[in-house]
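Working notes, beginning with the structure itself.
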Amino acid sequence: MNRFVIRSVMRGLINGRSYCSCSSIGNGQVYRSAIVGRSLELSGQRNGVAFGGFEWRRMMSSSPASVEKATSEKEDKTENPVMEETKGKEVMAASYWGISRPKITREDGTDWPWNCFMPWETYKADLSVDLNKHHKPKNFTDKFAYRTVKLLRVPTDIFFQRRYGCRAMMLETVAAVPGMVGGMLLHLKSLRKFQQSGGWIKALLEEAENERMHLMTMVELVKPKWYERLLVLTVQGVFFNAFFVLYMLSPKLAHRIVGYLEEEAIHSYTEYLKDIDSGAIENVPAPAIAIDYWRLPKDATLKDVITVIRADEAHHRDVNHFASVRYSFSGKGIERGACSSWLSLRLILDPVESV
């Protein structure tokens, strides 16, 4: 071994190269610190030619780096053929946390095609919900919220008229904001005060995610034009900041406004269904994402999709009106009542009055 080290050092000195960082001689033995390993390329290569950088070549060897690299790669492939074949698949299957996701399939055994939601997050919409329920304004806060929503409906009617597909797309870009803002602020409040949220953080974030899935479905049905995309950017930017400030000032008013917005959404989707029934809008097949998300039959149509979306909006209406009633002016948040999920409306309440 010592003879091999001395021979390598002498070859390096003769060639005018030094690969060591330090050396010492003692008791007839040579101790050297050198980098021994495969070549580490710090520059890109194009057509096998290095450019714009340099290489750390394999030390203590007389073979060119390119030959050594090819030889080592060939040896690796020979030793680990299985790893080479599965390398790409493992990269595709790896999650954000670096853990490979198990294979997920539908009930019929086919591969699950969606990454934005999993099979256990799908559900069948509750179509028994009352669509005609309306919260009558009782005080100044309720009346202000009701008239604000009615005022906001005027420019929407003028711009979209009876183009309910485009209207629904715009509506969902706005409807997905309140749940996220409310859930975020309640999350921060829970962290500041070391208090439980009673399940409301999860409920509001689930609402935001559900509204986002409404939008993903509508985008499959309606292809927005460039000026509609520009309108979405403008409306979302204004609404997010306005609702954020409103929720900071009065969560009770913010939830009441959302409740009335959901009532208007129910009305819009009802008119949408009327146009489908009359033939003014073609009853096209349902998008694949809607079939999997709402567990619809394979032959589901646009009418089925709008029906389940309208039912979701009715649940959002009830949750937000309930939150407005239960929210305390004393700054204690949504007191006494706890909400486990907007989806089933399983409100675990103390003996208190309902909405």
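Residues take their numbers from the sequence shown, with the count starting at 1.
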**Report entry** Nearest atoms (heavy-atom pairs only) where Leu296 meets Ala300
**Finding:** CB-CB, 3.8 Å
Query raised in the report: Is there a donor-acceptor pair under 3.5 Å between the side chain of Thr234 and the backbone N or O of Leu230?
Result: yes
Query raised in the report: Do Asp142 and Lys136 meet the salt-bridge criterion of a basic N to acidic O distance under 4.0 Å?
Result: no
**Report entry** Criterion side-chain contact (heavy atoms from CB on, under 4.5 Å) on Val258 and His316, from CA distance to verdict
**Finding:** CA-CA 8 Å; Val258 175; His316 299 326; over 6 Å; no
Query raised in the report: Do the side chain of Ser190 and the main chain of Gln195 share a donor and acceptor less than 3.5 angstrom apart?
Result: yes
Query raised in the report: Does the separation of the ring centres of Trp200 and His187 fall below 6.0 angstrom?
Result: no
Query - Check: Ile276 main-chain N/O paired with Asn283 side-chain donor or acceptor under 3.5 Å - result: no
Query raised in the report: Out of Glu206, His214, Glu207, which one pairs with Asn210 under the side-chain hydrogen bond (donor to acceptor under 3.5 Å, both in side chains) rule?
Result: His214
Query - Verdict with supporting geometry, His321 and Glu263, side-chain hydrogen bond (donor to acceptor under 3.5 Å, both in side chains) - result: CA-CA 10 Å; His321 280 317; Glu263 291 185 11; 3.0 Å; yes
Query raised in the report: Can any side-chain N or O of Ser250 pair as donor or acceptor with the backbone N or O of Leu246 at less than 3.5 Å?
Result: no
Query - Contact summary for Ile291 and Ala286, nearest pair of heavy atoms - result: CD1-O, 3.8 Å
Query raised in the report: Which is it for Arg256 and Asn320 under the side-chain contact (heavy atoms from CB on, under 4.5 Å) test, yes or no, and what are the steps along the way?
Result: CA-CA 6 Å; Arg256 185 65 75 196; Asn320 281 278; over 6 Å; no
Requested in this report: Please work out whether the ring planes of Tyr123 and Trp294 are parallel, tilted or perpendicular, with thresholds of 30° and 60°.
Outcome: perpendicular
Query raised in the report: For Arg295, does its backbone N or O pair with a side-chain atom of Lys124 as donor and acceptor, under 3.5 Å?
Result: no
Query raised in the report: Is the number of heavy atoms from other residues, nucleotides or ligands under 6.0 Å of Arg106 CZ greater than 12?
Result: yes
Report task. Over all heavy atoms of both residues, which pair between Gly179 and Ala208 is shortest? Give the atoms and the distance, please. Result -> C-CB, 3.9 Å
Query raised in the report: Crowded around Met248 CE? As in, over 12 foreign heavy atoms under 6.0 Å?
Result: no
Report summary line: In terms of heavy-atom contacts, Cys116 and Glu121 come closest through O-OE1, 4.4 Å
**Report entry** Heavy atoms from other residues, nucleotides or ligands near CZ of Phe144 exceed 12 (cutoff 6.0 Å)
**Finding:** no
Query raised in the report: Could you go step by step and tell me if Glu262 and His315 meet the side-chain contact (heavy atoms from CB on, under 4.5 Å) rule?
Result: CA-CA 9 Å; Glu262 299 295 355; His315 285 288; over 6 Å; no
Query raised in the report: Does Glu271 come within less than 4.0 Å of Lys274, counting only side-chain N to carboxylate O?
Result: yes
Query raised in the report: Hey, would you say the Phe322 and His135 ring centroids sit under 6.0 Å apart?
Result: no
Report task. Answer yes or no: is there an ion pair linking Arg212 with Glu172, defined by an N-O contact shorter than 4.0 Å? Result -> no
Query raised in the report: Below 6.0 angstrom between ring centroids: does that apply to Tyr164 and Tyr269?
Result: no
Requested in this report: Check Ile289 against Met213 and note the closest heavy-atom contact, atom names and distance.
Outcome: CD1-CE, 3.8 Å
Requested in this report: Determine the sole option in Arg163, Arg162, Arg167 for which the salt bridge (charged side-chain N to carboxylate O under 4.0 Å, His left out) test with Asp157 is passed.
Outcome: Arg167
Requested in this report: Could you pull out the closest heavy-atom pair between Leu131 and Ile266, with the gap in Å?
Outcome: O-CG2, 3.9 Å
Requested in this report: Measure from the ring center of His255 to the ring center of Tyr247 and say whether it is less than 6.0 Å.
Outcome: yes
